[in-house]
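Treat the numbers as computed from the prediction; the structure is a model and nothing was measured. Below, read A as the first sequence line, B as the second, and so on, with proteins coming before strands; counting in each chain starts at 1.
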Number of protein chains: 2
Amino acid sequence: MHQTWNQHIIKKENKTIVLETIINRTPISRAAIAQQTGLNKSTVSSLVQELLGEKIIEESGPGESSGGRRPVMLLFNQSAGFSIAIDLRVHDILGVLTDLEGNIVHEQRVLIETTNFNQVMKRLMEVIDTLIKAAPTSPYGIVGIGIGVPGVISNEGEILLAPNLGWKRIDLKAHMEQHYHLPVVIENEANAGAYGEKVFGFEEAVDHMIYASIGAGIGVGLILDNKLYKGMQGFSGELGHMTIEKDGIPCRCGNKGCWERYASEQALIKQAYEAKLIDQNTNDPLHVLIDLANSGDETAIALFNTIGTYIGIGLTNCINIFNPRMIVIGNQMAKAEKWIRPAMEHMIEEHAIGFHQEQLNVQFSSLNMYSTVYGMSAFTMEQFLQERPLLE
Amino acid sequence: MHQTWNQHIIKKENKTIVLETIINRTPISRAAIAQQTGLNKSTVSSLVQELLGEKIIEESGPGESSGGRRPVMLLFNQSAGFSIAIDLRVHDILGVLTDLEGNIVHEQRVLIETTNFNQVMKRLMEVIDTLIKAAPTSPYGIVGIGIGVPGVISNEGEILLAPNLGWKRIDLKAHMEQHYHLPVVIENEANAGAYGEKVFGFEEAVDHMIYASIGAGIGVGLILDNKLYKGMQGFSGELGHMTIEKDGIPCRCGNKGCWERYASEQALIKQAYEAKLIDQNTNDPLHVLIDLANSGDETAIALFNTIGTYIGIGLTNCINIFNPRMIVIGNQMAKAEKWIRPAMEHMIEEHAIGFHQEQLNVQFSSLNMYSTVYGMSAFTMEQFLQERPLLE
DNA sequence: AAACTTTGTTTATTGACTAGACAAACTAAG
DNA sequence: CTTAGTTTGTCTAGTCAATAAACAAAGTTT
């Protein structure tokens, strides 16, 4: 049963609406806010007064007159606080400090040689400490820390399993909150990537979007009805383990014919190895293969075509299942866009239901391996703006 | 941008909350409503007064005292209005008249010999007219007509394509609204079935549920985050056209290896024909095959095992993708539960991700081919209760 | 310079909820 | 059987947040 309504809640909700209007349309006048929201201009005036007092917005110079008195323009104060966002990957850690609009103010990337928990934690905290030190002085300071992880995260933010890190049942959230005394959000990297694409990836709002994170495995973030869909336990999006070939290649998950056995970076590398394009000591095999393809190596091109076709099969399923407005491919395999795209698009065009393709946009991520940190930043920022604790 | 809040909307929303509380916990006292909702007891008293005036609730006899004055118990007036719900299928039309709680008050089922639009419309309107005549006198009368259709329905309720009926681009909603001057809802039969299962199918509330309608083809209704998920254009849920065998059996949708080519009633019948268990003139082949299996025919049992396995492959994908709380199998193939279940459950247990199975419940529909009409009834009832137009 | 327009502030009003008082109707204890 | 206490429901006064309208400030247009 949802909450009942009273004057106090109304005021809080209306104030949030005014703030969101200022964020989305900054700079904007009180009069325009009243027009935009339908609230009475004296209501807007008093709510804006409070937001000014909270230092979450500011008045800028006068705007242009539309025939009468010049308006006073209001701005969102993106430097009122800062957010720390981390993408914890198998081989490295990417950390960014962003303002309250997601602008990256500082960043650090460190390699990790081992997935040993204690070692990784040490490096992780070093990155976070560096970012905390880099944060400018601001009214609210660091409003939260978000950490994207390649694994299964429960609704409570506990890492249940991160197979590529070799981690099981780790309460990273509690550990970090106890250390830093800040709100901490832990999320699956594909879910975070989907959210990052949704908030920062496009010019227009997208209500239904599928983000395919194609790296070592395949994880999918689902933005459905304008929300990140997580399922009953927070475990949704395991499309990497969707069967595309019954009785096919066995997978470590126990199933057979899983999409990620055919269409991931790992699948590509395995086939390249068997085609003797690379050997076990090849460093950064994906780039080696991209370079070979760029140089006209037909075997490498054929391998990318095959992978592109398999990516297309799984995305065709996504299109038929979700009827999305947008599909975004991200993570490592997006680097091979040039060689994957033709076969992938051909598979989709030929096989996805015609109706579903009418307004669909399939693209590779424009956020260049930053999707996940953008998503984690958005999570902590939005949590802060929704709750807006009292100014210290 | 969502609406702003004011006094008028507060009262309306709180009144709706009070009404929903009465519906869900009937009979209930004012004092208990206040306790349940957190609203002040005088607020509840005045809102209840209005609902009594609208004849949507009633006072019943006194309740039991808990130590002081006896309470006056309030009841939802399920006979305040009635809803008409139709399941328009390829071979027949099922129509029901329900009260505002979904209780079936009257029903009619007619066979249709042709899918010719004009003929079907004639029969459809006959059924609706019969149900309208059967409706008791009530304050609000017929509050709406809901029609479930096997096809692609746009967000505006237009039938874009119903391949099994041979229909294209039919604005059934406008046609029916013009004729009956009542609100009309048109929805895909699998979506309606999912909603019917959600509202009427279980003892406890279910936020994430997958309804697999396995008939001539396979349609899937998705209840995600407590809502029916429809996608950008209203076309989601085409899991019948999810590839489970790359380069597999060609499908009329243009893809290959679609789930419904392997796991539908049509797939079963095709295999039974090839196994010479039935011929082209066999009437009601599904029941013939069930009877053969019941009599110990091993070929028939083997066919059901095969179909059960294929159903399990697709449901395994659903489990991995959506992480649902419940999966319900409905429509024609649910009649073969006994022979499908063992192989289906085995496939799921062996192949779905272990985490996802922890709290999952997979079951066959208990609504016995009524899922779709129950869903359509729920749509029109809820639309009415949300809007509650003035009493005539 | 005067009239009009637009933006923003101030004041009075309105309506819905809440707090508390009161009434009605019960149960329990003496 | 009477009195005290409890619970439910109604009534009244108060509070708060939004709105309507008046007013002020600052511009543009005639």
S.K.: D:dT28, C:dA23, D:dT19: which one has an atom nearest the side-chain heavy atoms of A:Ser65?
M.R.: D:dT28
S.K.: Whole-Å distance between D:dT7 C1' and B:Met73 CE?
M.R.: 13 Å
S.K.: I need the CG-P distance between A:Leu39 and C:dT9, as an integer number of Å.
M.R.: 15 Å
S.K.: If you only use heavy atoms from C-beta on, which nucleotide in D:dT10, D:dG27, C:dG8 is closest to the side chain of B:Ser45?
M.R.: D:dT10
S.K.: Could you check whether any side-chain heavy atom of A:Leu100 comes within less than 4.5 Å of a side-chain heavy atom of A:Tyr140, counting everything from C-beta outward?
M.R.: no
S.K.: Nearest 0.5 Å please: distance from the CD atom of B:Glu50 over to the CG atom of B:Leu47.
M.R.: 6.5 Å
S.K.: Given D:dT8, C:dC17, C:dG8, identify the nucleotide with an atom nearest to the side chain of B:Lys41.
M.R.: D:dT8
S.K.: To the nearest angstrom, how far is A:Glu64 atom CD from D:dT28 atom P?
M.R.: 11 Å
S.K.: Between D:dA18, C:dT18, D:dT10, which one does the side chain of A:Asn14 approach most closely?
M.R.: D:dA18
S.K.: So does B:Ser42 reach the base of C:dA19 with its side chain, donor to acceptor, closer than 3.5 Å?
M.R.: yes
S.K.: Determine the contact category for A:Val44: base if any of its heavy atoms lies under 4.0 Å from a base atom, sugar-phosphate if only primed atoms, P, OP1 or OP2 are that close, otherwise nothing.
M.R.: nothing
S.K.: Could you tell me the separation between the CZ atom of A:Phe322 and the CE atom of A:Met209, rounded to the nearest 0.5 Å?
M.R.: 12.5 Å
S.K.: Choose from D:dG9, D:dT8, C:dG8 the nucleotide whose nearest atom is closest to any side-chain atom of B:Arg30.
M.R.: D:dG9
S.K.: Would you check if B:Phe202 and B:Asn361 make a side-chain contact, meaning some heavy-atom pair closer than 4.5 Å?
M.R.: no
S.K.: Where each residue is assigned the nucleotide of DNA chain D containing its nearest heavy atom, which of A:Ser46 and A:Gly67 is assigned the position nearer the 5′ end?
M.R.: A:Ser46
S.K.: Knowing that exactly one of A:Val18, A:Val72, A:Thr43, A:Leu19 qualifies, which makes a side chain to side chain contact (heavy atoms under 4.5 Å, CB included) with A:Val48?
M.R.: A:Val18
S.K.: Quick one: the side chain of B:Arg69 and the base of D:dT8, do they pair up donor-acceptor inside 3.5 Å?
M.R.: yes
S.K.: To the nearest Å, give me how far apart NZ (A:Lys15) and C1' (D:dA18) are.
M.R.: 15 Å
S.K.: Between A:His8 (NE2) and D:dG14 (P), how many Å, whole number?
M.R.: 23 Å
S.K.: To the nearest Å, how far apart are A:Arg70 CZ and C:dT6 C1'?
M.R.: 12 Å
S.K.: Nearest to the B:Asn40 side chain among C:dT18, D:dC16, C:dC17, which nucleotide is it?
M.R.: C:dT18
S.K.: Which whole-number value in Å describes the distance from B:Trp5 CH2 to C:dA16 P?
M.R.: 15 Å
S.K.: Rounded to whole Å, how long is the line connecting atom CD1 of A:Ile28 with atom C1' of C:dG8?
M.R.: 15 Å
S.K.: Of A:Lys12 and A:Ser66, whose closest DNA chain D nucleotide lies nearer the 5' terminus?
M.R.: A:Lys12
